[in-house]
Amino acid sequence: MSLDIEQIALHQLNKRDEQTLDVVLRDTLLTPNAAVDEMMAELHRVYSAKSKAYGLFNEDSELSAALRSCRKGDDDFLSFSRAATGRLRDELAKYPFAEGGVVLFCHYRFLAVEYLLVAVLNSRSSMRVNEQLDVSSIHYLDINHADIVARIDLTEWETNPESSRYLTFLKGRVGRKVSDFFMDFLGASEGLDTKAQNRGLLQAVDDFCTEAQLDKNERQNYRQQVYTYCNEQLQAGEEIALDDLSEELPPWNDKKFKEFTQEQGYQLEETFPADRSTLRQLTKFAGSGGGLSINFDAMLMGERIFWDPATDTLTIKGTPPNLRDQLQRKSGK
């Protein structure tokens, strides 16, 4: 699957002191070559594999207006990227964690869809050994850990402006307000809530099983079928499609799963992205806190694992061998 770069621009934000970020702007677009193609293919791959939030432009978005002008041919891509980098500097400078980096704007095509990807990439230092076995220091773009990235599906934006999912972005690491300044720069707000959609799906599955009065094994098999389909979609980079999922599942009283979700008003989209952490709850129970981490297969509940809600006590019958060995060594038995 080829990625075709239409236009790509690079600029630089340098941190001079605690209050100042300097801008270094290129005077020309970057010329695509083998190295540039490889960089963008890697950035596309890494970004596509990460969990993303969805958004849409606000009515007063400066970036949206500038991008629309660029798409109409009223402004060229280089000028658009230079002005946008200046606005990004102004937003980023408001935050104490601002470190600058390489600012990338890339207009590209992938699978007949046009995208604009905007990223701030940090550099990392490493060592290399050359042919003469001399050691030297090098700097490289840390694409794998990029967390200031957004991508606009230009095709979706222009053909379906009412969509709430043509813009995606990374929320960043916990404890850092990465998404705050980036959303301000984009002039965007959050749109489709992927986690809420996945939680709604899980609730619909549980309610459907209850309505159908499935026993424990039937319920677990049903949940496993849902998980298998959703996980396959996730691995393939595809979205969950309610129609397809409903066809995979056995009906109840001639009522298909999708009909049930519509009648009960779960407000699920026809298609929506799979959320790995949420879907895992279909087959596992997991939680951590207060120095305790617990993770076990859902099928063990009521067989080897029992929970008493009155005392909030979890009873485990039959501990894993490696845990049992540790406990025996600690107790001296």
Side-chain angles (χ1 to χ4, degrees), residues 45-53 124 126 142-147 170-176 194-240 244-245 248-250 252 257 272-333:
R45 183 193 66 79
V46 168
Y47 182 75
S48 296
K50 292 189 176 185
S51 296
K52 295 172 282 292
R124 291 288 181 267
S126 187
D142 190 12
I143 290 177
N144 283 329
H145 297 102
D147 61 3
L170 302 181
K171 284 199 170 185
R173 296 189 291 272
V174 175
R176 292 182 62 189
T194 302
K195 285 188 176 293
Q197 287 287 305
N198 281 258
R199 287 194 299 267
L201 174 63
L202 265 60
Q203 186 61 56
V205 170
D206 281 344
D207 292 347
F208 186 84
C209 291
T210 299
E211 192 82 8
Q213 298 181 331
L214 302 184
D215 62 29
K216 179 183 175 181
N217 289 335
E218 291 172 330
R219 179 185 293 262
Q220 189 56 42
N221 288 337
Y222 204 90
R223 291 167 65 91
Q224 183 62 54
Q225 282 183 272
V226 174
Y227 178 79
T228 298
Y229 166 80
C230 294
N231 191 51
E232 287 175 352
Q233 294 298 100
L234 184 65
Q235 297 303 320
E238 301 290 339
E239 296 191 352
I240 296 169
D244 294 342
L245 174 59
E248 296 269 338
L249 300 172
W252 169 66
F257 178 71
F272 53 90
D275 181 70
R276 181 179 286 104
S277 61
T278 304
L279 292 172
R280 199 174 291 130
Q281 299 173 32
L282 284 165
T283 59
K284 290 184 178 295
F285 287 99
S288 61
L292 182 67
S293 294
I294 297 177
N295 183 325
F296 60 89
D297 290 340
M299 66 180 64
L300 298 179
M301 180 63 77
E303 293 185 0
R304 289 177 50 199
I305 300 178
F306 305 87
W307 180 54
D308 182 353
T311 60
D312 193 20
T313 302
L314 204 64
T315 302
I316 303 174
K317 292 186 177 181
T319 55
N322 56 349
L323 175 60
R324 186 165 58 249
D325 290 343
Q326 296 176 57
L327 294 173
Q328 287 173 340
R329 286 197 301 270
K330 185 68 176 178
S331 64
K333 297 181 181 180

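- Counting only heavy atoms from C-beta outward, the side chains of V205 and L249 never approach each other to under 4.5 Å.
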Practice task
Kindly indicate, with the supporting measurements, whether the criterion side-chain contact (heavy atoms from CB on, under 4.5 Å) is fulfilled by R223 and L202.
Solution key: CA-CA 9 Å; R223 291 167 65 91; L202 265 60; 5.6 Å; no

Practice task
Evaluate the criterion side-chain contact (heavy atoms from CB on, under 4.5 Å) for residue pair N198 and F272; output intermediate values, then yes/no.
Solution key: CA-CA 8 Å; N198 281 258; F272 53 90; 4.0 Å; yes

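- The nearest pair of heavy atoms linking K52 to L170 is CG-CD2, 3.7 Å.
- Side-chain contact between N231 and Q235 is present, with at least one heavy-atom pair separated by less than 4.5 Å.
- A pairwise comparison of heavy atoms in D142 and H145 identifies OD1-ND1, 3.0 Å as the closest pair.
- Between the CG atom of L201 and the CZ atom of F257 there is a distance of 5.0 Å, given to the nearest 0.5 Å.
- Taking CD1 of I305 as the start and CD of E303 as the end, the distance is 10.0 Å to the nearest 0.5 Å.
- Listed for the E248 side chain is no donor-acceptor partner under 3.5 Å among the backbone atoms of D244.
- Heavy atoms from other residues, nucleotides or ligands lying under 6.0 Å from CZ of R276 number 12 at most.
- For the atom pair CH2 of W252 and OH of Y222, the computed distance is 11.0 Å after rounding to the nearest 0.5 Å.
- The heavy-atom pair separating Q220 from T283 by the smallest distance is NE2-CA, 4.3 Å.
- With rounding to the nearest 0.5 Å, the separation of CZ in F306 from CD1 in I316 is 11.0 Å.
- Separating the CG atom in N217 from the CD atom in Q224 is a distance of 12.5 Å, to the nearest 0.5 Å.
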Exercise for the section: Test side-chain contact (heavy atoms from CB on, under 4.5 Å) on R324 and Q328 and set out the steps. Expected result: CA-CA 6 Å; R324 186 165 58 249; Q328 287 173 340; 3.8 Å; yes

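- Put simply, the side chain of Q233 never gets that close to the backbone of E238: no donor and acceptor are under 3.5 Å apart.
- The shortest non-hydrogen separation linking R304 to T319 is NH2-N, 4.5 Å.
- Shown here for V226 and L245, the closest heavy-atom pair between the two residues is CA-CD1, 4.2 Å.
- Between the CZ atom in R124 and the CG atom in N144 there is a gap of 11.5 Å [rounded to 0.5 Å].
- Residues V46 and K50 form a side-chain contact, since some pair of their non-hydrogen atoms from C-beta on lies under 4.5 Å apart.
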Practice task
Output, in order, the C-alpha distance, side-chain angles, deciding distance and verdict of side-chain contact (heavy atoms from CB on, under 4.5 Å) for L279 and Y229.
Solution key: CA-CA 11 Å; L279 292 172; Y229 166 80; over 6 Å; no

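- D275 and K195 make their closest contact through OD2-NZ, 3.1 Å (heavy atoms, listed as atom of the first residue, atom of the second, distance).
- Side chains of W307 and T315 form no contact here, defined as non-hydrogen atoms less than 4.5 Å apart.
- Two residues are said to be in side-chain contact when any heavy atoms from C-beta on lie closer than 4.5 Å; L234 and I240 fail this criterion.
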